[in-house]
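Heads up: the structure comes next, in structure tokens.
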Amino acid sequence: MDLLFLCRDAREDAVIGNIAMAMRASAAGKTSGVLFTGEALAALAGEAFRWSPLFEGRPARIAITRRATAAGFPVAAERDARWTDVPRLLGAARGAGVRLMACPVWTEILDVADRLPAPLDRPSQDDVLQELTSARVIGGY
């Protein structure tokens, strides 16, 4: 893998940024992935996502959601573009060739293996170590 983005925060803006950059990298011919860990993994397993304090206001969230979707990162809910749909974004990323991975350490610590969305790979610790040592690792975008 050329680029591996780490996404540990349960913030929608962090997920959008990491996936958007991984999708851009994939479109540019780079192999890319996103490793979800900590809070982000808990949110993907059913806990709540939140927004950065600067983006908590409804006008900011709507603008970000609509602009991200218009830029080719389909995070807006299909029925109502004022709301986000993270699983839709994950599916688009997977379709663009981005490898989406659940951190095996945090999957075990949080006991969420049976609640993770389908687009996430469940790699072994050895596989993740291999990716971390071979890829250029971006610590959150």
Side-chain angles (χ1 to χ4, degrees), residues 1-125 127-141:
M1 180 175 306
D2 296 316
L3 296 171
L4 179 60
F5 295 85
L6 301 181
C7 188
R8 70 174 236 8
D9 296 321
R11 290 190 355 235
E12 292 199 41
D13 47 300
V15 172
I16 292 167
N18 281 290
I19 290 179
M21 289 306 297
M23 288 175 71
R24 291 277 191 213
S26 183
K30 304 285 186 192
T31 57
S32 66
V34 180
L35 178 64
F36 295 97
T37 184
E39 287 184 343
L41 196 59
L44 289 170
E47 296 296 327
F49 280 100
R50 63 187 189 290
W51 285 91
S52 167
L54 291 176
F55 304 140
E56 283 179 334
R58 190 167 186 237
R61 292 191 328 256
I62 291 170
I64 290 167
T65 299
R66 287 182 175 165
R67 289 181 186 142
T69 299
F73 313 113
V75 71
E78 287 191 69
R79 287 185 274 180
D80 188 343
R82 295 175 296 173
W83 301 102
T84 57
D85 185 349
V86 172
R88 180 175 178 221
L89 181 60
L90 295 175
R94 172 68 88 192
V98 175
R99 185 172 184 201
L100 305 170
M101 297 180 288
C103 173
V105 172
W106 278 101
T107 297
E108 184 178 340
I109 289 171
L110 297 171
D111 191 26
V112 295
D114 60 335
R115 293 182 284 144
L116 295 174
L120 264 64
D121 291 341
R122 283 121 177 125
S124 69
Q125 288 184 27
D127 187 26
V128 170
L129 275 173
Q130 175 61 38
E131 295 294 0
L132 288 169
T133 58
S134 66
R136 179 173 289 184
V137 178
I138 316 293
Y141 192 83

NZ-CZ distance between K30 and R24, expressed to the nearest 0.5 angstrom: 16.0 Å
Rounded distance (nearest 0.5 Å) linking atom CG of L132 with atom CG of L6: 6.5 Å
side-chain contact (heavy atoms from CB on, under 4.5 Å) partners of W83, counting only residues at least two apart: R61, A77, D80
Out of curiosity, F36 CZ to I19 CD1, how far, rounded to the nearest 0.5 Å? 4.0 Å
What are the two closest heavy atoms between A48 and A10, and how far apart are they? O-CB, 4.2 Å
Shortest non-hydrogen contact from A40 to C7? CB-O, 3.3 Å
Out of R11, R50, R8, which one pairs with E39 under the side chain to side chain donor-acceptor pair (under 3.5 Å) rule? R50
Would you say E78 has more than 12 foreign heavy atoms packed within less than 6.0 Å of its CD? no
Here the pair of heavy atoms bringing I16 nearest to A68 is CG2-CB, 4.2 Å
Of the non-hydrogen atoms in M1 and S32, which two are nearest, and what is the gap between them? SD-C, 3.8 Å
Nearest-0.5 Å distance that lies between atom CG in L35 and atom CG in L41: 8.5 Å
Decide side chain to side chain contact (heavy atoms under 4.5 Å, CB included) for I64 and E12; before the verdict, give the C-alpha distance in whole Å, the side-chain angles of both, and the deciding distance to 0.1 Å. CA-CA 10 Å; I64 290 167; E12 292 199 41; over 6 Å; no
Measure across T65 and V75 and return the closest heavy-atom pair with its distance rounded to 0.1 Å. O-CG1, 3.9 Å
What pairs with R67 under side chain to side chain donor-acceptor pair (under 3.5 Å), at least two apart in sequence or on another chain? none
Closest heavy-atom pair and its distance - V86, L44: CG1-CD2, 4.0 Å
Check whether any side-chain N or O of S124 sits under 3.5 Å from a backbone N or O of D127 as a donor-acceptor pair, and report yes or no. yes
Spell out, as yes or no, whether a donor-acceptor pair under 3.5 Å connects the side chain of S26 to the backbone of A22. no
Backbone of T31 reached by a side-chain donor or acceptor of D2 within 3.5 Å: yes
What's the separation between atom CG in L4 and atom CE in M101, rounded to the nearest 0.5 Å? 4.5 Å
Using residues 109-121 as the side-chain source, report each donor-acceptor pair under 3.5 Å to any protein atom, sequence neighbours left out, with the distance given to one decimal.
residue, atom, partner, partner atom, Å
R115, NH2, D111, O, 3.4
D121, OD1, R94, NH2, 2.8
D121, OD2, R99, NE, 2.8

Out of curiosity, F5 CZ to R136 CZ, how far, rounded to the nearest 0.5 Å? 10.5 Å
